[in-house]
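Values below: all heavy atoms of this structure, side chains included; hydrogens, waters and symmetry mates excluded. Source: prediction; values computed, not measured.
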Amino acid sequence: MKNLTSKDGTTIAYETTGSGPAVIVISTVAEDHTGVAGIAAELAKHFTVVNFDRRGRGGSGDPQPYDPAREIDDIEALIDTVGGRAALVSGSAGGILALDAATALGPKVTGLHLYEPPFIIDDARPPAPDGYVAHQEALVAAGKRSEAVEYFMSDVLLVPAEWIAGMKQDPSWDAMAALAHTYAYDGRIVEGLLSGRPLPRDRWSTDAPILVLVGENSEQFFLDGAHALADVLPAVTVETLPGQDHGAFWLAPDAVAESVRAFLTR
């Protein structure tokens, strides 16, 4: 891993692999760069790939108070390390950060490939609870990191209680607990987008082409949200990944990477 210094002086840890057009991979909640190592490795077969620890994760700094805008500064600094222009690739909530970055950074972002950004824009599933971000912050402040993970899994992701009991036995639970503060970080980024209401029409503006990929076996709200984004931004194309669900970005990185390759080399 290398380090760079972001605009506010924060250290951001990153690695660069592969060769070809530049791609920045953006991880999602409760994971550092290792969480997206699979997709980064597959993409490095065709692209120059930057994989990094978002602030508050891994080897990167975590100055307080947290400000989502500083994450866009971090992405800009990473883009500058690979020549000043790059595409952004992300899954789940990281895709919303990618959209915000594309809006702020203009022509520095050459394209976006987003796997299932978790917009809740109708009654296909219940919205996230009101005040869940503040509740996450309170749990972490009280040192109740495992409880913060459980709350997010049960009340935000709607994971059944019997599944959570099994998840607690896996070593990944402790890793998520160590990054439990990032639930609130990403919660601020997605604020208002998990509410069951239509997407805002004035939050994003970018000329970069965007592909939103949705797993064939995923919940309906992901597809609804993808089409809602296409209604807001004219450069959005929605495609289906056969035989996959929300976990494909992590568990089937070869299939997702092939979609990225086809999209970015058209």
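- The aromatic rings of His135 and Tyr151 stand perpendicular to each other, their planes meeting at an angle above 60°, with 30° marking the opposite boundary.
- Contact between Pro126 and Leu158 at its shortest, heavy atoms only, is CD-CD1, 3.7 Å.
- A 4.5 Å side-chain heavy-atom check between Val140 and Tyr183 finds every atom pair outside the cut-off.
- For the pair Asp245 and Leu251, the minimum side-chain heavy-atom distance is 4.5 Å or more.
- Proximity of Phe249 to Gln244: side-chain heavy atoms (C-beta onward) are nowhere separated by under 4.5 Å.
- The CE atom of Met1 lies 9.5 Å from the OH atom of Tyr14; values are rounded to the nearest 0.5 Å.
- Summarising the geometry, atom CG belonging to Asp174 is positioned 11.5 Å from atom CG belonging to Leu179; distances are rounded to the nearest 0.5 Å.
- Although no hydrogens or angles enter the test, the distance criterion places no donor-acceptor pair under 3.5 Å between the side chain of Ser205 and the main chain of Thr103.
- Judged purely by atom type and a 3.5 angstrom limit, Ser146 has no side-chain atom pairing as donor or acceptor with the backbone of Ala177.
- One finds the CG atom of Asp186 at 10.5 Å from the CD atom of Gln136 (value rounded to the nearest 0.5 Å).
- Rounded to the nearest 0.5 Å, atoms CG (Leu233) and CG (Asp207) are 10.0 Å apart.
- Side-chain contact between Thr17 and Asn51 is absent, with no heavy-atom pair separated by less than 4.5 Å.
- Pairing each heavy atom of Pro127 with each of Gly196, the nearest pair is CB-N, 4.0 Å.
- Taking both residues in full, the closest heavy atoms of Leu194 and Pro118 are given as CD2-O, 2.9 Å, listed atom of the first, atom of the second, then distance.
- Between the side chains of Ser259 and Glu239, no donor N or O sits under 3.5 Å from an acceptor N or O.
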Inset, instruction - Go through the steps for Glu71 and Arg55 under the test side chain to side chain contact (heavy atoms under 4.5 Å, CB included), then give the verdict. - result: CA-CA 7 Å; Glu71 293 221 52; Arg55 56 179 58 204; 4.0 Å; yes
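- The side-chain heavy atoms of Asp73 and Asp8, taken from C-beta on, include no pair separated by under 4.5 Å.
- Connection of Leu114 to Val89 is not established within any shared hydrophobic cluster, with ILVMFWY side chains joined at heavy-atom distances below 4.5 Å, either directly or through further cluster members.
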Legend entry - Residue pair Glu219, His246: steps toward the side chain to side chain contact (heavy atoms under 4.5 Å, CB included) verdict: CA-CA 8 Å; Glu219 296 176 77; His246 191 61; over 6 Å; no
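- Using a 4.5 Å cut-off on side-chain heavy atoms (C-beta onward), Ser154 and Ile164 make contact.
- A donor-acceptor contact shorter than 3.5 Å links the side chain of His181 to the backbone of Gly56.
- A pairwise comparison of heavy atoms in Asp53 and Ile12 identifies O-CG2, 3.8 Å as the closest pair.
- In terms of heavy atoms, Trp250 sits closest to Ser92 at CH2-CB, 3.9 Å.
- Annotation: Gln220, atom CD; neighbour count of heavy atoms from other residues, nucleotides and ligands within 6.0 Å is above 12.
- Sorted by first and then second residue, the ring-ring contact (aromatic ring centres under 6.0 Å, His included) pairs with a member in residues 188-219 read Phe119-Trp204; sequence neighbours excluded.
- Counting heavy-atom neighbours within 6.0 Å of Lys144 NZ, excluding the residue itself, gives a total of 12 or less.
- Ion pair Glu137/Arg188 flagged as a salt bridge, since at least one NZ, NE, NH1 or NH2 atom sits closer than 4.0 Å to an Asp/Glu carboxylate oxygen.
- Val23 approaches Leu264 most closely through the heavy-atom pair CG2-CD1, 3.9 Å.
- The main-chain N or O of Leu139 is never found under 3.5 Å from a side-chain atom of Glu147 such that the two would form a donor-acceptor pair.
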Inset, instruction - Start with the C-alpha gap between Leu99 and Ile210, add the side-chain angles, then the distance that decides, and say whether side chain to side chain contact (heavy atoms under 4.5 Å, CB included) holds. - result: CA-CA 9 Å; Leu99 284 164; Ile210 302 169; 4.0 Å; yes
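- Under the 3.5 Å distance criterion, the side-chain polar atoms of Arg54 are left unmatched by any main-chain donor or acceptor of Thr182.
- Counting heavy atoms from C-beta on, the side chains of Leu97 and Leu88 never come closer than 4.5 Å.
- Counting only distance, with no hydrogens or angles, the side chain of Thr110 and the backbone of Arg85 share no donor-acceptor pair below 3.5 Å.
- A salt bridge is defined here as a Lys NZ or Arg NE, NH1 or NH2 lying under 4.0 Å from an Asp or Glu carboxylate O, and Glu150 with Lys168 meets this definition.
- Side chain of Thr48 to backbone of Gly20: a donor-acceptor contact under 3.5 angstrom is found.
- Counting non-hydrogen atoms of other residues, nucleotides and ligands closer than 6.0 Å to CG of Asp170 gives a total above 12.
- Between atom CD of residue Glu258 and atom CD of residue Glu42 there is a gap of 10.0 Å, rounded to the nearest 0.5 Å.
- One finds the CE atom of Met153 at 12.0 Å from the CH2 atom of Trp163 (value rounded to the nearest 0.5 Å).
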Inset, instruction - Any chance you could lay out the side chain to side chain contact (heavy atoms under 4.5 Å, CB included) test for Ile75 and Ile79, step after step, and finish with the verdict? - result: CA-CA 6 Å; Ile75 292 169; Ile79 291 174; 4.0 Å; yes
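- Residues Asp231 and Arg201 are in side-chain contact: their nearest non-hydrogen atoms beyond the backbone lie under 4.5 Å apart.
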